[in-house]
Protein chains: 2
Amino acid sequence: MKDVAEHARVSVSTVSYVLNDSGPVAPERRNRVLDAVRLLEYSPNESARSLKRRSASTIGLVVPELTNQFFAMVAEGVQKAASTRDVLVVLCVPDATGQPEENHAKLLRSQRLDGVVYLSGTGTLPASILELSRFGPVVLVDEQIPGFDLPAVACDSRRGAREVARHVLDQGHRRIAVIGGPSALWTAQQRLAGYREAFAAAGMDPDGVPVLVGDYRQDSGRELAAQALAGPEGERPTALLCANDLMAIGAVEYCKSVGIRVPDDVSIVGFDDLPVSALITPRLTTVRQPAHDMGYHAVMALFDILENKESESLGLQPTTVQLRDSVGPPPGGNS
Amino acid sequence: MKDVAEHARVSVSTVSYVLNDSGPVAPERRNRVLDAVRLLEYSPNESARSLKRRSASTIGLVVPELTNQFFAMVAEGVQKAASTRDVLVVLCVPDATGQPEENHAKLLRSQRLDGVVYLSGTGTLPASILELSRFGPVVLVDEQIPGFDLPAVACDSRRGAREVARHVLDQGHRRIAVIGGPSALWTAQQRLAGYREAFAAAGMDPDGVPVLVGDYRQDSGRELAAQALAGPEGERPTALLCANDLMAIGAVEYCKSVGIRVPDDVSIVGFDDLPVSALITPRLTTVRQPAHDMGYHAVMALFDILENKESESLGLQPTTVQLRDSVGPPPGGNS
DNA sequence: TTGTAAGCGTTATCAT
DNA sequence: ATGATAACGCTTACAA
C-alpha cells in the first residue's frame, strides 16, 4: 500500500480513501491511485483489514456431513448468499468422534468468524450451540431448538407432512405406520404432528397409528420397515409414512429385498425430496423442502443480525408435495 | 492479551511465549499465564496473528457444485485433512455465470488463503487456474491439466476403465459403444484410453468402437444413449461404457423410458461409484474412485508445498471395479 | 529467563 | 481535499 502511495505520489491515507470510498479525493488523484493499483497488482491485505475493522468478512457453516445431498443443497445456498457480499464461508464438519464444536466456538471467539449458520441434521445437543452463541451470532437452519428461541430459518414441515399424509389417506389407506425421526428433533416432532393432524381430519384416532422412531438414516428405515411390516399380510400397514427420504429409501430397499411390491402391496412416502428420490424405482412420493433457499435466507438473516437490524429472512419457508409413483391405493381396494 | 499479561503479572511477550511454545518460560509463571487465559476466556485474535505471520491458516476449496456427491466426498476429505492442522477450509463455488475465479485469485493475493485445492469437474479452462497459481500454491484434485504440470492428486482412471471394459468384454459383448466425457478433460481421455486398451487386448479394433462425447451430466447420458441405441435391435450395441455414473444413470433412465431392459437387452457401466449408483435399479456396475482420499491427500500435498518440501501425497490413487447388476451377457448369448 | 519495543498493513482521527 | 500519525493485537529481535 505504501508502494501504491509512492507510485501515485499521494499519501497512504489517500489510497485508503480511494479504495474504500471513505473520504473525498480529487478525481485526478483518484485515477493516479487506481492506475498504480493496477500496475502493481496491489490487493489489500485482508488480515490487516480485519484486524482494524474487527470483522473477518467470514462466516462459518456447520453441517454434519456433506454427502447428504440435502445438506449439500443448503450449503450451496449459504455459499451463494455469502458471495453476494464477498463474505467467505468456512466449512465446519464436526468430527463424529471427539469434542465437536467447542472448536467452532473458539473460531468465533478468535474473530476468525463473524457468525455461524448451524445445521444440525442429526440433532447435536443444544449445549454446543448455546456455547457457540455466547461468542457470536448463530442462525439455525432446518432444525430449530424448541426451548431456546435462537434465530432460525426452517420450513413448514408440519404443513408438508399433513399434506402428504392427506394424499395417502385420500388413496384410501387406513392401516398406516409412521417411521419418524429422532423424537428430540424439532423437524421430527413437526412432521409427526402434521401426520396426526391429517389422521384426525380423516376421522381416525391419531393415537391408533403406530409410530416407530428412527434416526433419519437409511439403515434405520430398512430396519423399521421390517418391523412395521412384520405382521401377517392382511393386518400389516398398507402405507408407511417416513419422516425423511433416506429412511423411505431404506424402507423401499427392505420391501424389494423381501418381495413386497411398492406401491402395489405397500405405499411409501418420504420427506425432503433429495435428488436421488426421483431416481429410484419406484420414484418416491415426498415433500420438497426449499433447501437452497433455507441456506440463502439463513445467511441473509445472519447479515441482518450482524448489522443489528430486524431480519425478515427468519421464519418458515413453504414446502410442496411431490406426487410420484410410490403411492397407490391399498391392496384390497379402498376399505 | 494485555489483560492476560496483567492478571498473570508478566509481560505480553511471556504470554506469547507460553501460547506458542516459542520461548523459555519458568514453570510457575507459565501456569500463572495459563490460569489467566482460562479465567479471562482469552483467545488470541487470529487476524492479528495472520498479519504478523503472513499466513492465514486457511485454504480454499474450489468445486463446481456440492450437490454432486462425488465432489461432496472430496470436500469431506479436504475438510478432514485440513482439520488435522487446525486449518480452515473456505468453500468457493465459482459462479456459473460471470467472472469465475479471478475472484479466488484475489483471495490468494490478499492473503486470506494460503493455498487452494482445485477441483475442476466440469473442465474449467486452464487459464483461470494458471491465473490462480500465480499468487499461491494450487493443487489440482481429480482432474489434471496435461500441458502444465501443476501438482495434482488424481486416481488411476485408465486402469479402472480398462478393468470395467474387460469385465464387459469377458461377458461376451463385442458390439459396444462408449459414452465419453468432454474430450478436453484429462479424466475423459484417460478413461477412453483405458477402454481402448481393453478392446485391443480382446483382439478388437479400438477404432471400430463408436465414441459419443458427453459432458458428464445426466442429461447428456440420456440423450447419447438414445443416439447410441437408435439402430435396429440386431445391430445396436449390447453394452454402453459410460465415462461417469451420472451419464450412466441417464442412460439407464433412457432405456427404462423406452422399454429397453438393463442388463437383459443392454449392459451399462459407469464410473465414480456415487452412493446413488447402488440405489438405482439395476444397481450400477461401476468403478470406485477414492474420492475422500483424493481430497485428503490433496490437502496434505498442499501443506507439504507450503512448507517447501517434496510431497509424497501427489500422484495416482488406486481405483476398484464394483461389480453389480447392470451388466450381463449380451442378448444373443456370447457371439 | 524476562521485558521493551519495533513492526506487520490497514483504517480513522485530526490537523492542515 | 490531503497527509501525519496513532491505534488494532500479535510476534520476535534484542537488551537486560
Side-chain angles (χ1 to χ4, degrees), chain A residues 1-37 39-58 86-88 106-114 135-136, chain B residues 1-37 40-58 86 88 106-114 135-136:
Chain A
M1 175 153 163
K2 216 161 33 178
D3 288 353
V4 172
E6 278 172 22
H7 269 76
R9 304 191 315 276
V10 299
S11 75
V12 287
S13 15
T14 304
V15 175
S16 179
Y17 292 152
V18 171
L19 264 35
N20 304 304
D21 274 339
S22 54
V25 39
E28 187 246 356
R29 318 190 100 212
R30 138 172 273 110
N31 282 330
R32 288 218 308 268
V33 170
L34 260 20
D35 287 345
V37 165
L39 182 66
L40 302 178
E41 288 196 317
Y42 166 79
S43 173
N45 180 316
E46 292 291 342
S47 300
R49 222 178 234 208
S50 311
L51 175 57
K52 192 67 196 177
R53 293 196 168 150
R54 357 192 102 270
S55 128
S57 295
T58 306
D86 285 314
V87 163
L88 262 32
K106 204 182 319 188
L107 293 177
L108 229 40
R109 217 185 333 176
S110 63
Q111 323 224 15
R112 288 183 83 169
L113 263 33
D114 298 332
F135 298 106
Chain B
M1 176 158 163
K2 215 161 32 177
D3 287 353
V4 173
E6 277 170 22
H7 268 76
R9 303 190 315 277
V10 299
S11 75
V12 287
S13 32
T14 304
V15 176
S16 179
Y17 292 151
V18 171
L19 262 36
N20 304 304
D21 273 339
S22 53
V25 38
E28 187 246 356
R29 314 190 105 211
R30 136 172 274 110
N31 282 331
R32 287 217 309 266
V33 170
L34 260 20
D35 286 347
V37 165
L40 302 178
E41 287 195 318
Y42 166 78
S43 172
N45 180 316
E46 293 291 341
S47 300
R49 220 179 236 211
S50 312
L51 176 58
K52 192 70 201 178
R53 293 200 170 146
R54 356 192 103 267
S55 126
S57 295
T58 307
D86 285 316
L88 262 32
K106 204 179 322 185
L107 293 177
L108 229 40
R109 216 183 336 172
S110 62
Q111 322 225 16
R112 287 184 84 168
L113 262 34
D114 298 332
F135 298 105

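First the proteins, then the strands, lettered A, B, ... as listed; each starts at 1.
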Report the C-alpha separation of B:E46 and A:Q111 in whole Å, then their side-chain angles, then the decisive distance to 0.1 Å, and conclude whether the side chain to side chain contact (heavy atoms under 4.5 Å, CB included) test is met. CA-CA 7 Å; B:E46 293 291 341; A:Q111 323 224 15; over 6 Å; no
Residues in side-chain contact (heavy atoms from CB on, under 4.5 Å) contact with A:D114, at least two apart in sequence or another chain: A:S55, A:A56, A:L306
Identify, with sequence neighbours excluded, every residue that meets side-chain contact (heavy atoms from CB on, under 4.5 Å) alongside B:S50. A:S47
Is there any protein nitrogen or oxygen under 3.5 Å from a nitrogen or oxygen in nucleotides 13-16 of chain C, and what are the pairs?
unit_1 : atom_1 : unit_2 : atom_2 : d
C:dT13 : O4     : A:Y17  : OH     : 3.1

Between [X] and [N], is there a side-chain N or O to OP1/OP2 distance below 4.0 Å?
| X | N | value |
| --- | --- | --- |
| A:R29 | D:dG3 | yes |
| A:R53 | D:dA7 | no |
| B:S11 | C:dT2 | no |

Pairing residues for A:D35 by the salt bridge (Lys or Arg N to Asp or Glu O under 4.0 Å) criterion, not counting sequence neighbours: A:R38
Rounded to whole angstrom units, what separation is found between the [atom1] atom of [X] and the [atom2] atom of [N]?
| X | N | atom1 | atom2 | result |
| --- | --- | --- | --- | --- |
| B:L19 | D:dT12 | CG | C1' | 15 Å |
| B:R9 | C:dT2 | CZ | P | 13 Å |
| B:E6 | C:dG3 | CD | P | 13 Å |

Between C:dT1, D:dT2, C:dG3, which nucleotide gets closest to the side-chain atoms of B:P24? C:dT1
Can you check side chain to side chain contact (heavy atoms under 4.5 Å, CB included) on B:F135 and B:K106, steps first, answer last? CA-CA 8 Å; B:F135 298 105; B:K106 204 179 322 185; over 6 Å; no
I would like to know whether A:V15 and A:K2 meet side chain to side chain contact (heavy atoms under 4.5 Å, CB included); could you show each step before the answer? CA-CA 9 Å; A:V15 175; A:K2 216 161 33 178; over 6 Å; no
Closest to the 5' end of DNA chain C, once B:A26 and A:V15 are matched to their nearest nucleotides, is B:A26
Quick one: do the A:T58 and B:R112 side chains pair a donor with an acceptor below 3.5 Å? yes
For residues 19-29 of chain B, tabulate all N or O donor-acceptor pairs below 3.5 Å that involve a side-chain atom, not counting sequence neighbours.
unit_1 : atom_1 : unit_2 : atom_2 : d
B:N20  : OD1    : B:R49  : NH2    : 3.4
B:N20  : OD1    : B:R53  : NH2    : 3.4
B:N20  : ND2    : B:S16  : O      : 3.1
B:N20  : ND2    : B:S16  : OG     : 3.4
B:D21  : OD1    : B:R30  : NH2    : 3.1
B:E28  : OE1    : B:R32  : NH1    : 3.4
B:E28  : OE2    : B:R32  : NH1    : 3.1

Under 3.5 Å between N/O atoms: give me all the protein pairs with nucleotides 6-10 of chain C, atom names plus distance.
unit_1 : atom_1 : unit_2 : atom_2 : d
C:dG7  : N2     : B:K52  : NZ     : 2.9
C:dG7  : N3     : B:K52  : NZ     : 3.1
C:dC8  : O3'    : B:R54  : NH2    : 2.5
C:dG9  : OP1    : B:R54  : NH2    : 2.6
C:dT10 : OP1    : A:Y42  : OH     : 2.7
C:dT10 : OP1    : A:N45  : N      : 2.8
C:dT10 : OP2    : A:Y42  : OH     : 3.4
C:dT10 : O5'    : A:Y42  : OH     : 3.3

Show, in sequence, the C-alpha distance, side-chain angles and deciding distance for B:V10 and B:V4, and conclude whether the side chain to side chain contact (heavy atoms under 4.5 Å, CB included) test is met. CA-CA 8 Å; B:V10 299; B:V4 173; over 6 Å; no
